[in-house]
Amino acid sequence: MVDLNAPVWREVHSAGNDVDKWLRRLLAGEEEFREGMEIVAEDISHQLSWYNATAYVLPHLAALCGKLSPADRMFLIAQMGPAVAAEAEYPLEEGTEIWREFQEGLTGLRSVTSDLIQNHMDVLEAASEEEQRMFALAAVAFLGDRKHAHALWYLSGSCWEEGPGACACGWNDECIPLTEEQECLEPAEIAPWDGRSLTDEAVLISGLLSRFGDEMIQPILPLVYGEGVCPECGERESYWAWHDRFLQDF
């Protein structure tokens, strides 16, 4: 990790451009942990945007986790999910310093996420509904496809009730309903979760949300992990491809 006194901290950007100050306070215990963590997270995940300070912050947070209770580690992972997912929209160049910092932090926090799921489910189930939902989405960011995690947070803007899609033929719809079956979407069959496996992203997030009793995101997962069938040309592809194309084109 890069020392907080290194010159790079004067060059990287966050929403408030002072994330290093708040990170110092958080690491020094000068802020109540959850309040300080929320400030740091907001500074690098504002409006689901990517800020290059994120890469340099992550290794410090991964190291901090060793000093935290499981409940606070869950809170940290939940808070950092959007910032990590945003990198999918602006992939870092492999081999650069910023890429190495991001990967170091991602590796550490991925391990924390896995441990929480496999060894501290009682802590996860005791958390608030909002924290559980954020943690489940963050689990996709840390353990699965960051683009999918970013898309799921994007869908939160409509409370996961509708989402955009676009076909390569030119057809598009900004508001495809996701709370009921659609002719243009074929749902995926998502297998039950065994409570420990982390390899199948759809099974993992569906299983987590089911364990949490979620009624907002879990019901739409078969559609967003399913296939889109274009109503104009009949072409089939994943809903994720539709979603990505819409955001790129419109």
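Keep in mind the model is a prediction, meaning the values are calculated, not measured.
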Contact check, side chains of Leu26 and His60, non-hydrogen atoms, under 4.5 Å: no
Which atom of Cys230 lies closest to which atom of Cys169, heavy atoms considered: SG-SG, 3.6 Å
Other residues, nucleotides, ligands: >12 heavy atoms within 6.0 Å of Glu183 CD: no
CA sep, side-chain torsions, deciding dist, call: Thr113, Leu198, side chain to side chain contact (heavy atoms under 4.5 Å, CB included): CA-CA 10 Å; Thr113 307; Leu198 308 174; over 6 Å; no
Exam field: side chain Trp160 to backbone Leu152, donor-acceptor pair closer than 3.5 Å: yes
Same apolar cluster (I L V M F W Y, side chains within < 4.5 Å links), Val12/Ile98: yes
Verify same cluster id: Leu223, Leu221 (apolar side-chain graph, 4.5 Å): yes
Close side-chain approach of Tyr56 to Leu23, heavy-atom, < 4.5 Å: no
From CA spacing to verdict: side chain to side chain contact (heavy atoms under 4.5 Å, CB included), Trp99, Glu93: CA-CA 6 Å; Trp99 178 85; Glu93 182 182 351; 5.9 Å; no
Minimum heavy-atom distance between Ile190 and Pro222, given as atom pair plus value: CD1-N, 3.9 Å
Side-chain donor/acceptor of Asp18 to backbone N/O of Lys21, under 3.5 Å: no
Minimum-distance pair of heavy atoms, taken over all atoms of Ser14 and Ile44: CB-CG2, 4.0 Å
Separation between OG of Ser206 and CG of Asp214, rounded to the nearest 0.5 Å: 9.5 Å
Intermediate values then yes/no, side chain to side chain contact (heavy atoms under 4.5 Å, CB included), Glu11 and Asn52: CA-CA 9 Å; Glu11 301 170 6; Asn52 59 6; over 6 Å; no
Salt bridge (charged side-chain N to carboxylate O under 4.0 Å, His left out) partners of Arg34, counting only residues at least two apart: Asp72, Glu131
Common cluster, Met37/Trp153, ILVMFWY with side-chain heavy-atom separation under 4.5 Å: yes
Arg245 side-chain N/O to Ala166 backbone N/O, donor-acceptor pair under 3.5 Å: yes
Closest contact, heavy atoms only, Ala127 versus Gln132: O-NE2, 3.5 Å
Contacts of type side chain to side chain contact (heavy atoms under 4.5 Å, CB included), residue Glu201, not counting sequence neighbours: Val140, Asp145, His148, Tyr225
Criterion side chain to side chain contact (heavy atoms under 4.5 Å, CB included) on Glu87 and Leu58, from CA distance to verdict: CA-CA 12 Å; Glu87 188 270 344; Leu58 289 184; over 6 Å; no
From NE2 (His150) to NZ (Lys147), nearest 0.5 Å: 8.5 Å
Sub-4.5 Å side-chain heavy-atom contact between Leu143 and Arg110: yes
Thr199 vs Leu204 side-chain heavy atoms within contact, under 4.5 Å: no
Over 12 foreign heavy atoms within 6.0 Å of CD, Glu235: no
For His120, side chain to side chain contact (heavy atoms under 4.5 Å, CB included) partners two or more places apart: Pro70, Arg73, Asp115, Leu116, Asp122, Val123
Within 6.0 Å of CD in Gln248, more than 12 heavy atoms from elsewhere: yes
More than 12 heavy atoms of other groups within 6.0 Å of Glu32 CD: yes
Glu89 side chain near Leu48 side chain, heavy-atom distance below 4.5 Å: no
Crowding at CD, Glu181 (>12 non-hydrogen neighbours, <6.0 Å): no
From Glu186 atom CD to Ser238 atom OG, the distance as rounded to the nearest 0.5 Å: 13.0 Å
Met134 reachable from Ile39 in the ILVMFWY side-chain graph, under 4.5 Å edges: no
Pair Glu129-Arg133, salt bridge (Lys or Arg N to Asp or Glu O under 4.0 Å): steps then yes or no: CA-CA 6 Å; Glu129 181 179 308; Arg133 187 172 293 133; 3.2 Å; yes
Close side-chain approach of Leu155 and Pro164, heavy atoms under 4.5 Å: yes
Note, Cys233 side chain near Trp171 side chain (heavy atom, < 4.5 Å): no
Spacing of CG belonging to Leu27 relative to CG belonging to Leu61, to within rounding of 0.5 Å: 7.0 Å
Residue pair Ile77 / Ala138: nearest heavy atoms and the distance that separates them: O-CB, 3.3 Å
For the student: nearest non-hydrogen atoms of His243 and Tyr154, plus distance: NE2-CD2, 3.4 Å
Glu174, CD atom: more than 12 neighbouring heavy atoms under 6.0 Å: no
Atom pair CD/CG of Gln103 and Leu92 - distance to nearest 0.5 Å: 8.0 Å
Single-linkage hydrophobic cluster, 4.5 Å side-chain cutoff, Phe135 and Met216 together: yes
Between CD1 on residue Ile176 and OG on residue Ser158, distance to nearest 0.5 Å: 11.0 Å
Main-chain N/O of Gly95 paired with Arg100 side-chain donor or acceptor, under 3.5 Å: yes
Side-chain heavy-atom pair Val19, Tyr51 within 4.5 angstrom cut-off: no
